[in-house]
Amino acid sequence: MSKVSSITTLFLDIGGVLLNNGWDRQMRRLAAQHFDLDYEELNERHHLIFDSYEKGQLSLEAYLERIVFYRQRSFSPEEFRAFMYAQSQACPEMIELIRRLKARYQLKIVAVSNEGRELNAHRIENFGLTAVIDFFVSSCYVHLRKPDPEIFRMAIDMAQVNPGQVIYIDDREMFIDVAQSLEIRGILHRDVKTTGAELARLGLTLN
């Protein structure tokens with residue numbers, strides 16, 4: 001069997017691959033500066049509960065109550081949420097690469113990502129990701145987070161594929177290692193050019 005015919009599915013991270021990260025350390029630091037918050041306190045509170053938030057066990061409202069609005073502020077939760085949402089940006093060249101490969105090879109495209117529900121929904125809608133991605137195995141929906149291998153097993157079951165038919169693209173090496181331990185081929189994403197070259201090496205080329 002050829003490389004091309006053996007690959008039927010791409011698993012993709014969203015943050016760091018198709019879009020920038022949704023709510024990372026840099027964005028929390030920007031939020032602290034913008035709203036004149038104590039960054040260290042904000043970050044410490046975030047780390048205490050972000051696991052529950054990303055697993056869908058807390059709403060964004062409850063999450064923000066615990067990290068920001070546990071006391072009176074001069075700004076509203078709506079203002080803070082709007083700031084969070086505004087930090088998201090697309091990686092259009094990467095989205096276009098995946099769109100073209102999907103069309104050429106009739107690939108199944110599955111997002112396997114860690115994100116809270118409201119932010120995830122905003123990013124999917126705002127950047128039209130349903131036009132590229134067939135379904136979303138997001139931590140907030142399945143109540144599992146990477147690097148738990150169970151989220152990858154769930155994605156395999158939901159996609160109804162064998163691990164050997166899948167390529168997984170992520171910007172986190174640990175997550176790639178976990179996927180590879182399940183016999184999923186992995187590509188560590190750094191930029192569109194190198195990821196495109198790796199996909200071509202595995203048989204998915206646009207030339």
Side-chain angles (χ1 to χ4, degrees), residues 11-91 110-127 129 136-155 168-182 184 186 188-190:
F11 287 177
L12 307 173
D13 191 18
I14 294 179
V17 178
L18 298 182
L19 310 178
N20 65 345
N21 287 314
W23 184 234
D24 62 9
R25 181 182 294 107
Q26 181 181 356
M27 292 174 187
R28 294 192 298 277
R29 190 178 293 279
L30 286 173
Q33 293 171 352
H34 182 80
F35 292 102
D36 194 24
L37 299 170
D38 183 327
Y39 168 72
E40 296 302 331
E41 184 177 34
L42 173 72
N43 210 38
E44 181 179 1
R45 284 177 167 268
H46 163 81
H47 282 295
L48 288 172
I49 65 166
F50 82 104
D51 185 84
S52 296
Y53 170 59
E54 287 196 336
K55 283 183 178 179
Q57 297 165 341
L58 283 178
S59 68
L60 180 57
E61 180 182 8
Y63 166 78
L64 291 179
E65 283 179 2
R66 286 164 171 77
I67 74 163
V68 177
F69 296 99
Y70 53 90
R71 68 184 191 196
Q72 189 69 31
R73 300 295 185 183
S74 61
F75 51 90
S76 69
E78 290 75 22
E79 289 175 291
F80 197 92
R81 283 198 301 272
F83 181 90
M84 289 179 69
Y85 291 166
Q87 305 315 302
S88 289
Q89 298 178 1
C91 303
V110 180
V112 184
S113 64
N114 291 346
E115 277 193 353
R117 178 177 290 269
E118 294 87 349
L119 187 58
N120 190 55
H122 165 77
R123 282 152 66 84
I124 291 169
E125 179 178 0
N126 193 57
F127 296 103
L129 296 186
F136 297 81
V137 184
S138 302
S139 60
C140 57
Y141 303 149
V142 301
H143 312 303
L144 295 165
R145 292 181 70 254
K146 298 179 294 186
D148 188 336
E150 286 304 314
I151 195 170
F152 292 101
R153 293 191 180 101
M154 180 176 289
Y168 175 55
I169 304 171
D170 200 306
D171 64 326
R172 303 284 181 90
E173 187 171 7
M174 178 187 291
F175 298 164
I176 293 292
D177 290 344
V178 173
Q180 289 179 331
S181 75
L182 300 175
I184 297 172
L188 181 61
H189 178 71
R190 295 184 177 87

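The model shown is predicted, which means the values in this text are computed figures rather than measured ones.
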Where is the tightest heavy-atom contact between [X] and [Y], given as atom of each residue plus distance?
X	Y	value
Val142	Val137	CG1-CG1, 4.0 Å
Asn43	Arg28	OD1-NE, 2.7 Å
Lys55	His143	O-ND1, 2.6 Å
Gly22	Ser88	CA-OG, 4.5 Å

With rounding to the nearest 0.5 Å, note down the distance linking [atom1] in [X] to [atom2] in [Y].
X	Y	atom1	atom2	answer
Tyr53	Leu64	OH	CG	7.0 Å
Ile151	Leu144	CD1	CG	6.0 Å
Cys91	His189	SG	NE2	6.0 Å
Ile14	Asn20	CD1	CG	11.5 Å
Leu119	Ile124	CG	CD1	10.0 Å
Phe11	Ser113	CZ	OG	12.5 Å

Taking C-beta and beyond as the side chain, do [X] and [Y] meet within less than 4.5 Å on heavy atoms?
X	Y	result
Val112	Phe175	no
Phe127	Leu18	no
Leu182	Arg153	yes
Arg145	Phe50	yes
Leu60	Met84	yes
Phe83	Glu79	no

Go through it in stages, so that I can follow the logic: the residues are Asn126 and Tyr85, the test is side-chain hydrogen bond (donor to acceptor under 3.5 Å, both in side chains), and I'd like the CA-CA distance, side-chain angles, deciding distance and then a yes or no. CA-CA 10 Å; Asn126 193 57; Tyr85 291 166; over 6 Å; no

Step by step, would you call Leu48 with Arg66 a side-chain contact (heavy atoms from CB on, under 4.5 Å)? CA-CA 10 Å; Leu48 288 172; Arg66 286 164 171 77; over 6 Å; no

Step-by-step side-chain contact (heavy atoms from CB on, under 4.5 Å) determination, Phe80 to Leu37: CA-CA 12 Å; Phe80 197 92; Leu37 299 170; 3.9 Å; yes

For the residue pair Phe152 and Tyr168, is the inter-centroid distance of their aromatic rings smaller than 6.0 Å? yes

Could you give me the CA-CA distance, side-chain angles and deciding distance for Ser59 and Glu118, then say whether side-chain contact (heavy atoms from CB on, under 4.5 Å) is met? CA-CA 8 Å; Ser59 68; Glu118 294 87 349; 3.6 Å; yes

Looking at [X], I'd like to know if its [atom1] atom is crowded, meaning that more than 12 non-hydrogen atoms belonging to other residues, nucleotides or ligands lie closer than 6.0 Å.
X	atom1	answer
Gln26	CD	no
Glu173	CD	no
Glu61	CD	no
Glu44	CD	no

If you draw the axis of the six-membered ring of Phe35, does the NZ or CZ of Arg73 fall within 45° of it and under 6.0 Å from the ring centre? no

Quickly, which of Glu54, Arg45, His46 forms a side-chain hydrogen bond (donor to acceptor under 3.5 Å, both in side chains) with Tyr63? Name it, please.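 Only one of Glu54, Arg45, His46 forms a side-chain hydrogen bond (donor to acceptor under 3.5 Å, both in side chains) with Tyr63, namely His46.
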
Hey, does the side chain of Asp38 reach the backbone of Glu41 with a donor-acceptor pair shorter than 3.5 angstrom? yes

